[in-house]
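Heads up, the thing below is written out as structure tokens.
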Amino acid sequence: MIIETDRLVLRPVAASDTDHLVALDSDPAVMRYVTGGIATPREVIEEWVIPRAVAEARYRGGAGVWVALDRLDLVAARSVGHPNPAAASFVGWFGLRAPRHSSQSEFELSYRLRRAMWGRGLATEGSRALVQLSFTELNISRIFAGTMAVNTASRRVMEKSGLRLARLHDCADTSIAGAQRGEVEYEILKSYWDANHFPWAWAARTSADMIA
């Protein structure tokens with residue numbers, strides 16, 4: 001499923017995205033609150049991250065990982081015959097994961113963007129699109145997301161996407177700076193979505209083929 005917003009095109013991740021994902025996870029600033037800045041090995045991305053995302057998209061009813069492309073850069077790259085338009089427009093990725101041991105119809109929302117894309121509202125735009133998709137097309141009852149308590153930028157993305165603080169947890173990796181403040185979990189329920197008006201809702205569009 002292809003998802004389009006005003007500035008992004010989200011398409012399912014594929015093996016051809018390996019180089020982009022490796023480069024993304026090699027930036028210590030991007031990985032600061034994930035691994036303490038440690039890069040993800042290429043073989044982990046090739047043999048676990050991408051195959052798992054593809055399998056979830058196939059078997060878990062709407063879950064998966066979408067590579068995010070900048071719409072304008074994508075169109076521009078195609079117009080000049082760029083040999084790899086995705087390389088010229090790669091923003092990062094967004095994901096919906098079905099918790100393995102949960103009996104609820106819920107997804108975990110996650111996202112990771114290149115540092116050059118930070119501060120433009122793109123994380124919020126992509127996250128809102130997946131929240132909307134989950135509640136309007138996938139019959140999901142709850143969306144949740146988590147991060148370290150000190151990761152204020154990611155927390156703002158969750159809040160702007162309609163999620164609210166629900167729980168506090170101990171940080172699993174105590175070696176990461178700021179771990180002593182723990183982790184936060186945000187959530188939004190479909191009942192809350194249905195009862196409230198979100199001005200940004202219905203902005204995303206889905207299709208089976210790339211439109212941009």
I'd like to know if [Y] and [X] are part of one continuous hydrophobic network [Ile/Leu/Val/Met/Phe/Trp/Tyr, side-chain heavy atoms within less than 4.5 Å].
| X | Y | result |
| --- | --- | --- |
| Met158 | Leu113 | yes |
| Ile38 | Leu21 | no |
| Phe144 | Val34 | no |
| Val150 | Trp118 | no |
| Met117 | Leu72 | no |

State, to 0.1 Å, how close [X] and [Y] come at their nearest heavy-atom pair, and which atoms those are.
| X | Y | answer |
| --- | --- | --- |
| Cys171 | Ala179 | CB-O, 3.5 Å |
| Gly162 | Ile188 | O-CD1, 3.5 Å |
| Ile143 | Leu109 | CG2-CB, 3.9 Å |
| Val13 | Val54 | O-CG2, 3.9 Å |
| Ala63 | Ala98 | CB-N, 4.1 Å |
| Leu10 | Ala68 | CD2-CB, 3.5 Å |

Donor-acceptor check, side chain of [X] to backbone of [Y], threshold 3.5 angstrom: yes or no?
| X | Y | value |
| --- | --- | --- |
| Arg155 | Ala149 | yes |
| Ser141 | Ser105 | yes |
| Trp66 | Met1 | yes |

Can you tell me how far the [atom1] atom of [X] sits from the [atom2] atom of [Y], to the nearest 0.5 Å?
| X | Y | atom1 | atom2 | value |
| --- | --- | --- | --- | --- |
| Arg42 | Glu47 | CZ | CD | 11.0 Å |
| Leu24 | Arg115 | CG | CZ | 11.0 Å |
| Leu96 | Leu133 | CG | CG | 7.0 Å |
| Ile140 | Leu189 | CD1 | CG | 12.5 Å |
| Asn151 | Arg156 | CG | CZ | 9.0 Å |

| request: Take Leu168 and Val184 through the side chain to side chain contact (heavy atoms under 4.5 Å, CB included) test and state the conclusion after the steps. | output: CA-CA 5 Å; Leu168 303 174; Val184 290; 3.5 Å; yes
Considering only heavy atoms from C-beta outward, does the side chain of [X] approach that of [Y] to under 4.5 Å?
| X | Y | result |
| --- | --- | --- |
| Arg11 | Asp17 | yes |
| Phe107 | Leu130 | no |
| Ile176 | Thr35 | no |
| Ile50 | Ile45 | yes |
| Ile3 | Phe94 | no |
| Arg97 | Ser110 | no |
| Val65 | Val49 | no |
| Trp193 | Val131 | yes |

Is the [atom1] atom of [X] crowded by more than 12 outside heavy atoms at less than 6.0 Å?
| X | atom1 | result |
| --- | --- | --- |
| Asn139 | CG | no |
| Arg164 | CZ | yes |
| Asn196 | CG | yes |

| task | Check Arg7, Arg120, Arg114 against Asp70 for a salt bridge (charged side-chain N to carboxylate O under 4.0 Å, His left out) and give me the one that passes. | result | Arg120
| message | Taking Glu185 first and then Arg142, would you say they form a salt bridge - that is, a charged N and a carboxylate O separated by under 4.0 Å? | response | yes
| message | Any salt bridge linking Arg112 with Asp27? Criterion: basic side-chain nitrogen under 4.0 Å from a carboxylate oxygen. | response | no
| query | With respect to Ser154, which candidate in Tyr186, Tyr33, Tyr111 satisfies the side-chain hydrogen bond (donor to acceptor under 3.5 Å, both in side chains) definition? | reply | Tyr111
| field | Among Arg71, Glu125, Gln132, the one residue meeting side-chain hydrogen bond (donor to acceptor under 3.5 Å, both in side chains) with Thr5 | value | Glu125
| request: Describe, in one word, how the ring planes of His20 and Phe90 are oriented to each other, choosing from parallel (under 30°), tilted (30 to 60°) and perpendicular (over 60°). | output: parallel
